[in-house]
Each structure stands twice: as C-alpha cells, then as structure tokens.
Visitor: 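Structure provided below as structure tokens; questions to follow.
Quick note on labels: first sequence line is chain A, next is B, and so on, each numbered from 1.
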There are 2 protein chains.
Amino acid sequence: MNWNAISFDWNHVRAFLATVEEGSLSAAARATGQTQPTLGRQVAALEEAIGVTLFERVGRSLTLTTSGAQLVDHVRAMGEAASRISLAASGQSQSIEGLVRISASDVLSVYQLPPVIAQLRDRAPGIEVEVVSSNAISDLLRRDADIALRHIRPEQPELIARKLADSDAYLYATPDYLSRVGNPKVVDDLKAANFIGYGAPDEMLPHFVAMGLPLTRDNIRYHSDSGVVGWHMVRQGLGIGVMSEQVAALTPDIVRVLPDLPPVSFPTWLVSHRELITSSRIRLVFDHLAEMLG
Amino acid sequence: MNWNAISFDWNHVRAFLATVEEGSLSAAARATGQTQPTLGRQVAALEEAIGVTLFERVGRSLTLTTSGAQLVDHVRAMGEAASRISLAASGQSQSIEGLVRISASDVLSVYQLPPVIAQLRDRAPGIEVEVVSSNAISDLLRRDADIALRHIRPEQPELIARKLADSDAYLYATPDYLSRVGNPKVVDDLKAANFIGYGAPDEMLPHFVAMGLPLTRDNIRYHSDSGVVGWHMVRQGLGIGVMSEQVAALTPDIVRVLPDLPPVSFPTWLVSHRELITSSRIRLVFDHLAEMLG
DNA sequence: TCCAATTCATGCATTTATGTATAGGTGATC
DNA sequence: GATCACCTATACATAAATGCATGAATTGGA
C-alpha cells in the first residue's frame, strides 16, 4: 500500500462528499452536525492537499468544477465503504444492551408494536427501542432503521426477510354510520357511501375496485397520509375504511361492513440487513418480533 | 446519505488499515510517517467509536479479533477508494510544473534515460523528475511511479501502454576476454566461456539456452541483481553478457561475440495509468519518452 | 538466564483544528 | 429597488489531537 498517496485528511473527503450531496457548505454542516466554517476549511484544505480546485465560488453558492465532478464517483465509493464499515461494526456488536430501531407503518406502530415491545422489555430489559413510524418504505440500506416491517417482499440481496402470517383486511365502519347510509347488504349499496382513504385517493381507489366495490373518485372524500388518522375517521363515523382484522378487533364499537365480502389478504415481512442480523441484540429483537407477530 | 452512521473519524480507519497491513502500530507509524502513540490512540478511538474491539492486546503485539477481521474487507475498500481519489486528482492536475516519477530498469535508468531527461528539461523546465530505478516490476496500481518502462506488455485494463521500437540484444565481451577464451567462432566454442547473469542464474540460463547457446549452470559464475553491475563485470573482462545494441553502442572497448549469431529481439512498453495520463504534466513526459525512445 | 531489540502505553508541551460570533455578498421576492 | 433569506469568509478563544520523551512488558537469541 502506498501510504503517501492517501495521506490527505480522510475526514476532508467526507466534508467534500457532504457538501456535494447536500448542495452547500451550510447544508452539509447542518446534515453532519458540524459548522459551516469547519466544512469550508476542510474542503479548502482538501483542494490544497490533492491539488484540485473542487468548487467554483460563484455568487452565494458553490458549483462543482469539472475536475471536482470527476472525483465524485470515487468519493462516493469511499463514503459507501465507510457505511459498510459502520454496518458491519453494528453487526459485530454482541452486546445485549443498546438501541434497536424498528421501522413500521403508523398503524402497526400504534396498535400492534407496543404490546410486543412490552413483552420484549421483560425478555431483554437492556434493549432500547426506537420505533420509526413511517408509511414511506424506510431505506434499510441507508440505515434509517435496523429492522423494518413491510407489506411487500424486499428484493435487495443485502436484506434478509422473514415472512410473517398473512393478514386479512375487511371493511369496517361504525353502526351509526352504516344505519345512516341505509345498512348496506350488497356491494351496490355502497355506491353512495363514504370511504376513508389512506394516502392519495388515486392510489387508494384501485384497491377498492380490486375488491369488487363499485366506487369512484367521489366516494373518497376524507383521506389522510396517516393510517391512524384514517382509522380514527372511521371510528368517528366519517365513513367506511379498510383495516386488518387484528387491528379492528382492538377497536370497540366498530362493525364489519358486508360480512360476506371476501377479505383482502396481505403479507407482512420482517426485514433486516444480512450484516446487521449478526448482532445478538438485533437478532434478539428480530426473533422476538417474528415470534410475536408471526 | 445517513451521515450519522459515518460520523466516526475516517482518519482512524486509515490508522486501522495501516496497522493491519503493516502488522503493528510501530510499523504502521513508520509506514505512514506518524508516531506510534498517535496510531495507537487512533485505533483505540475507532474501537470506541464503532463499539468493536479490533485488536487483542496480547504480549508485545496486536492480533486482529474475529470482529475486527470481518471489518477488514470494508476498510480495504475504503482505502482503495481513497487511492482512486488520489489517482484521479493527480490526473486532473493541469499544472505543467511538479513531480513525475518514472520507473525503469537500472540499465535503462543509467544509460538511456539521462539524455532523454536532459532534453525534457529544455522542453519543460518546471517538471521535476524522479527516476525509480528498479528491476522489480513497479506497481503502477499502487502508484509507486507515474510512468513505467517495461519489457512485457501490461495486462491490467486500468493501464495504458504504448509500444516503443523493438530492441535487439547481442552477446558482448571485451576483446581481451575473448582472446583469453580462444576467440570463439561458433557457439560450441562458448562452452568454456563465462557468462554474466543478471538476476538469479536459474532464471537467466533458459534465456541463453533459448538463444541456442550450449550452456549449463556452471557457465554463469558471476551474476548480480543489478544489470548495471553485470554490465560493468562484462566491461571488466569477467565474461560474456547480453546487452541491447543501443546500450552496447555507448560502451567503448566492447565487441560483439559471434557477430553472425542472430539477435534476441525484445519490446519496450511505455506504461501509465488511464486516469493519470489525463494530467498534462504526465502526458507531456509520456509523449516525450515515447518520442525519444520510440 | 540474561541481554538486546522491539513492542505498546502514558505524561506533557506544543501545534492544530474547531466552534462562536460576525462581517460581507448574492439572489429571490414583494 | 429595497428587503429578506441564505450563503461564504474571517477573527479569536477554546478544545482536541499530535509528537516527544520515557516507562513497562515481551520476545528471541546468545
């Protein structure tokens, strides 16, 4: 190894990478938890060290020079290697104490995870749990979380996934609301009903149609990005919503709409990193989730 | 990018890498131009930061833990990315001033390069030249040199090579030595002659045999790793040596042995990095060498 | 068994890098 | 065209890392 060729300050490379990715020194400082003067000096020092002008100081912002742009790929590769080091290091941790981050949809996070975590507390009191409640598919490759619960099968080979039991989802509403729309008995009776949408109505509608419901865009008048908010709209008697059987069972004063309508079955996958799962702490949480939810 | 995951000190990764590659903190300190306490503290800080014990302090030396060993691949990848940054940065340099390192065999370095460099001085006075004189094939991928002169075609796709003119090598000796062995006229007359070997005799002998010479191990009594030393042995009348026509022409009082013997033809390749050759400084030296030696 | 060589660990003075505060500029917006 | 929001550059006090000198421990060989 020619140590002389790589004797420049590697932290300055990270400063350059952050500046490129975030778009400015100030943004990079915010993202990395450093200060703008530090980032500025580090980038300037890197330019001095490798003899390449990386940014053109034009106006209030920096733009990559062509020379700088040709280094970006290698700089990214270095950052990715650093990420893998961090990942593998976390996977090496055999400590039964410490943080584990679990990403799940808000509905899962609110209704199903808390009791599971309560049991985990009894099994492994030293484990700290952070629930990353998001309906966006969290990027495990970016390490937004250590473990994720998803309803689609992950494709990346770096991830390992365990399929949990399939869940059945039905239509639910309050008895009060159902009587208000004339106690529907067949699907055609739902044409005048209100449906609660989770996320954008245009994304929700095809799912309702696939269930055989004769609905249009106008049937989805109330909607929310949050599944929990949507479910509370249902509980409030604002309309009919889809929900998994398990969650609905936890909710009093909610009845199934058209009980003869076949359910929508959907899978749940427990996902983690191939390298992270070697950590006994994460492995323990992973196995616990699989046992309790599977 | 999850900056939090890669917020450990990247220089400490280099310290770890150097310690792994060099085998000890002290050796790593020597190799990287730092001090042993610094390296020791950096490795300890990295262990603290990523929560993994990298080395087992046993006796006077360090041995990698299994956890540490599983990080080494990623750490090497980071180092290689750093090397590529350095390489690409050098290639981006459009300065006509600065250092260019040329690797060549000692014979080329001593007899043929100096006049070529003298002409280069007139063409580009700002260029500093370091001649890495070595008969080992220098590792351009490790950046032991910027440009190399070789007699075998490089295979790595990262390297670019330009073929120079083929050279003819003949047998040479002093007239004094030839008369001492009876002025040989045909190859069989050489059976009793001494041959000068460059490098190990066992490596040299097959080349002589390939030339049709009836020699054995015993014919090579004087040899040296250095081609220059070997050639001076020939000049001193210690035996017969192989030398390229061009170099022999520079040497007075040396005559060709068996002038009718067909020459051994060998190629010369001018080699550099694909990314380095984009530097105008290195490009200039590369082209100058090609012109003067081609 | 003793000695020499080599290794890692530690205390201290010095150098270096960092953060805070602030100044100087630029571009978008009303 | 003035204002606002946002960016980069600089001065200075503070915090951190580095190198030097030295100590302690171990290995290999005479």
Visitor: Do A:Glu47 side-chain atoms and A:Leu54 backbone N/O form a donor-acceptor pair below 3.5 Å?
Guide: yes
Visitor: Round to the nearest Å and state the distance from A:Glu22 atom CD to D:dT8 atom P.
Guide: 12 Å
Visitor: Let's see if you can work this out: which of D:dG19, C:dC8, C:dG19 has an atom nearest to the side-chain heavy atoms of B:Thr38?
Guide: D:dG19
Visitor: Rounded off to whole Å, could you give me the CG-to-C1' distance for the B:Leu25 and D:dA25 pair?
Guide: 15 Å
Visitor: Could you tell me whether the phosphate oxygens of C:dT18, OP1 or OP2, come under 4.0 Å of any side-chain nitrogen or oxygen in A:Gln36?
Guide: no
Visitor: Taking the side chain as every heavy atom from C-beta outward, state whether B:Leu71 and B:Ile50 have any atom pair closer than 4.5 Å.
Guide: yes
Visitor: Atom CG of B:Leu39 and atom P of C:dT10: how far apart are they, to the nearest Å?
Guide: 16 Å
Visitor: Kindly point out which of D:dT10, C:dT10, D:dC7 is positioned nearest to the side chain of A:Arg30?
Guide: D:dC7
Visitor: Between C:dC12, C:dT18, D:dA9, spot the one nearest the side chain of B:Arg41, thanks.
Guide: C:dC12
Visitor: Can you tell which of B:Ile117, B:Val131, B:Leu149, B:Ile102 makes a side-chain contact (heavy atoms from CB on, under 4.5 Å) with B:Ser109?
Guide: B:Val131
Visitor: Of B:Gly23 and A:Pro37, whose nearest nucleotide on DNA chain C comes first from the 5' end?
Guide: B:Gly23
Visitor: Find the distance B:Asn11:CG to C:dA17:C1' and express it as a whole number of Å.
Guide: 12 Å
Visitor: Ignoring backbone atoms, establish whether B:Gln34 has a side-chain N or O less than 4.0 Å from OP1 or OP2 of D:dA17.
Guide: no
Visitor: Passes side-chain contact (heavy atoms from CB on, under 4.5 Å), B:Ser272 versus B:Ile282? Steps please.
Guide: CA-CA 9 Å; B:Ser272 185; B:Ile282 289 164; 4.1 Å; yes
Visitor: Identify whether any heavy atom of A:Ser26 sits under 4.0 Å from a base atom; if not, whether one sits that close to sugar-phosphate; answer base, sugar-phosphate or nothing.
Guide: base
Visitor: Below 4.0 angstrom from OP1 or OP2 of C:dG19, is there any side-chain N or O of A:Thr35?
Guide: yes
